[in-house]
There are 2 protein chains.
Amino acid sequence: MTRYSRQTRMLIAVDCIIFGFDGQDLKLLLIKRGFEPEKGKWSLMGGFVQTDEGLEEAATRTLTKLTGLDGVFMEQLSAYGGPDRDPAERTLSVAYYALIDINQYKQQLSEEYKAEWFPLKEAPKLIFDHAQMVSEALARLRYKAAIHPLLFELLPAKFTIPQLQILFEAVYDAGFDKRNFSRKVLSTGLLIKQKEKERATSKRGAFYYKLDKRKYSAKFHAFLNFVSDPGNLK
Amino acid sequence: MTRYSRQTRMLIAVDCIIFGFDGQDLKLLLIKRGFEPEKGKWSLMGGFVQTDEGLEEAATRTLTKLTGLDGVFMEQLSAYGGPDRDPAERTLSVAYYALIDINQYKQQLSEEYKAEWFPLKEAPKLIFDHAQMVSEALARLRYKAAIHPLLFELLPAKFTIPQLQILFEAVYDAGFDKRNFSRKVLSTGLLIKQKEKERATSKRGAFYYKLDKRKYSAKFHAFLNFVSDPGNLK
DNA sequence: AAATTAAATGTCAATTTTACAATTATTTTT
DNA sequence: AAAAATAATTGTAAAATTGACATTTAATTT
């Protein structure tokens, strides 16, 4: 069989930018790197792509290895392949960003990887080009969440409109008008009002909503314009 | 220096999905592959990433090698890394899509690569997973061009509104209302009306427009909504 | 019973979108 | 030279969406 001689082979890794929301802040899940170089430094969770697996497969495996979670929203962000991005050896990394319900993974943070959640603004210095990956992942998240019903992936099955608004405000680091926000969100027809209320936050209590799974699937890629111009926000 | 032993190294390539517009159809630039495996078959232009270069650099080099063009719009589409995508040897490919003014490269198509422009619908069978790359690139193009002023990259410096509309209709395989289309496009403030007219197409002649480069740069990433819901179109 | 707190809902003007038709500049034909 | 033909350009009104802004409501605390 033909092979491509004369070409350099390189390592291929995946890295996961894992976002979570604790009801207040948008958070990032980081680990302490367990091997050299940069052992003990804060890093994105990652791993090498194995001989028999595809990229998405490797990314999913990596995410599951850390969190134990399955069926999580994950999307390829970009490939990073600068010749010197890993000082040890040339390694191309395909970055994936994931959105998880933080409640599903905050009790027993992996001891093996020394995982920790950081509010995005308080994240420590990261190895290699991981900070750039995070920055681009946040930009992508803002971009897509402005147009598509994406942020629901960060919430538990039941949530209130005020909780949803706090999430949007955390993601865009901006304030939104309550009345316009709820009108916009409810007009998508994606939400089903529950009979129970959330009672921890306020005296009156806010009604819980659930996603209408069927409509959610159907409209996941539709243009819904949650935020008018995310580029103009600050 | 530390190295990552026990991991498999793989080849890394870039492939370019090159779009053009001839005034009628959206076209794709393909080459006949010059080496085994699949020698002589239709393929995207590509090449291996060299030891000292980054991904974008490799993609730009590859595009320039074929077309001789420089300063072309190009953006990373995605990384493709299925274990069996290249039967000869495991190769990860980072795909980039490019938009070029077809007039800049239609006279002297590369003899070395046996390059040819194909209307998208009449493109031949492609090697490996290149058809999937093209399909995803078209989806990306439709997505981004619905929101951002991207398609101007496919036109010459001077163009008319009817020409622009034909381009949009080719990209979305749909018809648009003349009056609403020109109002929408002109309202962006990106176009500067010229004194000359294009006289080949019609008796009356249509005024040429040029891009306001300053405003174009400023609004390139703005949400301008050229097409309301590209997902609903067919 | 009154005060407090956050949730939920309402209104109106401005803007944008959608659907649809008439006018204009120029060349070709009569 | 006038009439016909062709594609470009411009217009209008109803409907839908957005943006700015205040009041009412449900429940707990004082």
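Just so we're clear, the structure is a prediction, and the values are computed from it rather than from any experiment. Proteins come first, then strands; the chains are lettered A, B, ... in the order of their sequence lines, and each starts at number 1.
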Spacing between [X] atom [atom1] and [N] atom [atom2], to the nearest angstrom:
X: A:Arg199; N: C:dT5; atom1: CZ; atom2: C1'; value: 14 Å
X: A:Glu198; N: C:dA6; atom1: CD; atom2: C1'; value: 11 Å
X: B:Gln165; N: D:dA7; atom1: CD; atom2: P; value: 14 Å
X: A:Phe226; N: D:dT18; atom1: CZ; atom2: P; value: 11 Å
X: B:Asn225; N: C:dT15; atom1: CG; atom2: P; value: 18 Å
X: B:Phe181; N: D:dA8; atom1: CZ; atom2: C1'; value: 14 Å
X: B:Phe223; N: D:dT17; atom1: CZ; atom2: P; value: 19 Å
X: A:Gln163; N: C:dA7; atom1: CD; atom2: P; value: 9 Å

Exercise. In terms of ring plane angle, is the pair B:Phe159 and B:Phe152 parallel, tilted or perpendicular, where the classes change at 30° and 60°?
Worked result: tilted
Exercise. Would you call the rings of B:Tyr172 and B:Phe168 parallel, tilted or perpendicular if under 30° counts as parallel and over 60° as perpendicular?
Worked result: parallel
Looking at every strand, decide which applies to [X] at a 4.0 Å heavy-atom threshold: base, sugar-phosphate, or nothing.
X: A:Ser182; answer: base
X: B:Thr160; answer: nothing
X: A:Lys178; answer: base

Side chain of [X] (C-beta onward), nearest among [options]:
X: B:Asn180; options: D:dC21, C:dT18, C:dT26; value: C:dT18
X: A:Ser202; options: C:dT18, D:dT18, C:dA6; value: C:dA6
X: A:Lys197; options: D:dA26, C:dT11, D:dT10; value: D:dA26

Problem set entry | Aromatic A:Tyr209 / basic A:Lys193 pairing, under 6.0 angstrom, 45° off normal | no
Exercise. Should A:Asp173 and A:Lys121 count as an ion pair when the cut-off is N to O under 4.0 Å?
Worked result: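 Salt bridge flag = yes for A:Lys121 with A:Asp173.
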For this session: Taking only Lys NZ, Arg NE, NH1 and NH2, and the carboxylate oxygens of Asp or Glu, determine whether A:Asp177 and A:Arg179 approach each other closer than 4.0 Å.
Result: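 Looking at A:Arg179 together with A:Asp177, the answer is yes, because their closest N to O distance falls below 4.0 Å.
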Problem set entry | B:His148-A:Tyr143 aromatic ring centre distance below 6.0 Å | yes
For this session: Please state whether the phosphate of D:dT18, meaning OP1 or OP2, lies under 4.0 angstrom from any side-chain nitrogen or oxygen of A:Lys184.
Result: yes
Problem set entry | Distance test, side-chain N/O of A:Ser228 to OP1/OP2 of D:dG19, below 4.0 Å |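 The answer is yes; a side-chain N or O of A:Ser228 sits under 4.0 Å from OP1 or OP2.
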Problem set entry | For DNA chain D, the dot-bracket pattern of Watson-Crick and G-U pairs whose distances stay under 3.5 Å, | for other-strand partners | ||||||||||||||||||||||||||||||
Exercise. Is the closest side-chain donor-acceptor distance between A:Gln76 and B:Ser78 under 3.5 Å?
Worked result: yes
Problem set entry | Separation of B:Lys144 NZ from B:Glu75 CD (nearest 0.5 Å) | 3.5 Å
When you measure only distances, ignoring hydrogens and angles, does the side chain of [X] come within 3.5 Å of the base of [N] through a donor and an acceptor?
X: A:Arg204; N: C:dA7; value: yes
X: B:Arg183; N: C:dT17; value: no
X: A:Arg179; N: C:dT9; value: no

Problem set entry | Residue closer to the 5' end of DNA chain D, B:Phe207 versus B:Lys203 (nearest nucleotide) | B:Lys203
Problem set entry | Given DNA chain C, 5'-ward residue of the pair A:Lys193 and A:Thr201, judged by closest heavy atom | A:Thr201
